[in-house]
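Notes follow once the structure below has been shown.
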Number of protein chains: 2
Amino acid sequence: MEQIENFNYEELLEAFKALLKQNSLKFTSQREIILQTLYQNPHHFTPEDLYLLIKENHPDLTIGITTVYRTLNLLEENSLVTSLSFGINGKKFELSNKPHHDHLICQKCGKIIEFHDPKIEQLQEKIAKIHDFKLTHHLMQLYGICKKCQESENGENS
Amino acid sequence: MEQIENFNYEELLEAFKALLKQNSLKFTSQREIILQTLYQNPHHFTPEDLYLLIKENHPDLTIGITTVYRTLNLLEENSLVTSLSFGINGKKFELSNKPHHDHLICQKCGKIIEFHDPKIEQLQEKIAKIHDFKLTHHLMQLYGICKKCQESENGENS
DNA sequence: CTGTGTGCAAACATTTTGCAAGCAG
DNA sequence: CTGCTTGCAAAATGTTTGCACACAG
């Protein structure tokens, strides 16, 4: 499994353009801004988050949420973004050009923390070996309540 | 895939009844059938899957999908079922009465091996602690190719 | 120029809510 | 009896599609 290394925006953009060319698709300003925005904000976005952020940062650009959906799907099909479904608040997207990591998710506020633990990965390999599996990838999501939400749980009484 | 069942239905049903009583809620046949169906079919259900299955197996019972949603939410809030989001479109639910385990999944033949590794769980707790999270549960799925499929990959040329 | 891309509105899909009647406790 | 529960219909969300015009290549 070849994990695309941390690239800079130029490289990412080139990859995107190459992808478009390969499929006889066109490079448009909407598509560029979507990619750029994903790059500049390394968070997890719902399509709507992304749409609103773009509208805010680029008041000049006309863009519809339809285009955001279509572009995210295009990017996902081509593995430039990854989508995760965290029970809370729908499906979220992030650029896949980051090094591998897993997620810690707050079930109350939806906050997401990324982490990476080489020891866990080692143990996963070991388990795979025991069962004679050749691992390709994995999915690990830890669900819980973040500090803030724990505090507000104690503090509030409705 | 062996199904681990160390709760029997009676216990589960009692837990459910206790829960209802505690909240001054009522024990209805719809709620019972939903729980029973989840118990008898240890798969992952979308609300609609479950609704259709119940309609099929209990043609006499009137039930609406609304009730399925409401009951699943009730069960989830009280940790009797867990919801997982696998890929596209759909939150899926399963009973949480199985002992905790994770999955090793063969991407070729679909074989699923359940495993449990206390060391990994420890490390997960540690990560949660670092980020001040109180863990509720987690999802870990390792994807790979099982021994048989690795062998047949070598042997066969389609 | 050609054919893809876009925004808009409408269509879909999924989940939640308001309501009047039904039933558990 | 009381008031929670139910199914239905309608509403609220979230996502996709049809279409005519815009524009990249």
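Computed from a predicted model, the values in this text were never measured in an experiment. Labels below follow one simple rule: chain letters A, B, ... track the order of the sequence lines, proteins then strands, and each chain is numbered from 1.
Spacing between atom CZ of B/F16 and atom C1' of C/dA24 amounts to 14 Å, rounded to whole angstrom units. For B/L20 and C/dC23, the CG to C1' distance is 15 Å, given to the nearest whole Å. Distance B/F45 CZ to C/dT14 C1': 18 Å, rounded to the nearest Å. B/K21 has its NZ atom 18 Å from the C1' atom of D/dT5, to the nearest Å. Atom CG in B/D49 sits roughly 11 Å away from atom P in C/dT15 (whole-Å rounding). Rounded to whole angstrom, the span from the CZ atom of B/R70 across to the C1' atom of C/dG18 amounts to 10 Å. Atoms CG (B/L74) and C1' (D/dT6) sit 14 Å apart, rounded to a whole Å. Counting to the nearest Å, the C1' atom of D/dT16 and the CD atom of A/E77 are 13 Å from each other.
Taking side-chain N and O atoms only, A/Y69 has a distance below 4.0 Å to OP1 or OP2 of D/dT15.
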Quiz: residues 25-37 of chain B side-chain donor-acceptor pairs under 3.5 angstrom, not counting sequence neighbours:
from	atom 1	to	atom 2	distance (Å)
B/T28	OG1	B/R31	N	3.2
B/Q30	NE2	B/T62	O	3.1
B/R31	NH1	B/K26	O	2.8
B/T37	OG1	B/I33	O	2.7

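In this structure, B/K129 has no side chain to side chain contact (heavy atoms under 4.5 Å, CB included) partners at least two apart in sequence or on a different chain. Under the side chain to side chain contact (heavy atoms under 4.5 Å, CB included) criterion, A/Y69 pairs with A/P47, A/I65, not counting sequence neighbours. Residues that satisfy the ring pair (Phe, Tyr, Trp, His ring centres under 6.0 Å) test with B/H116, not counting sequence neighbours, are B/H100. For the side chain to side chain contact (heavy atoms under 4.5 Å, CB included) test, residues two or more places apart in sequence or in another chain that qualify with A/D117 are A/K119, A/I120, B/L123, B/I127.
Between A/Y9 and A/Y39, the two ring planes are tilted [angle within 30° to 60°].
Listed by residue number, B/S24, B/L25, B/K26, B/T28, B/Q30, B/R31 are the residues of residues 22-36 of chain B with a heavy-atom contact under 4.0 Å to DNA chain D.
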**Message:** Set out, in order, the CA-CA distance, both residues' side-chain angles and the distance that settles side-chain hydrogen bond (donor to acceptor under 3.5 Å, both in side chains) for A/H44 and A/E94, then state yes or no.
**Reply:** CA-CA 5 Å; A/H44 295 86; A/E94 67 175 341; 3.0 Å; yes
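As judged by a 4.0 angstrom heavy-atom cut-off over every strand, A/I65 is placed among residues making no nucleic acid contact.
Mapping A/T66 and A/E48 onto DNA chain D by nearest heavy atom places A/E48 at the nucleotide closer to the 5' end.
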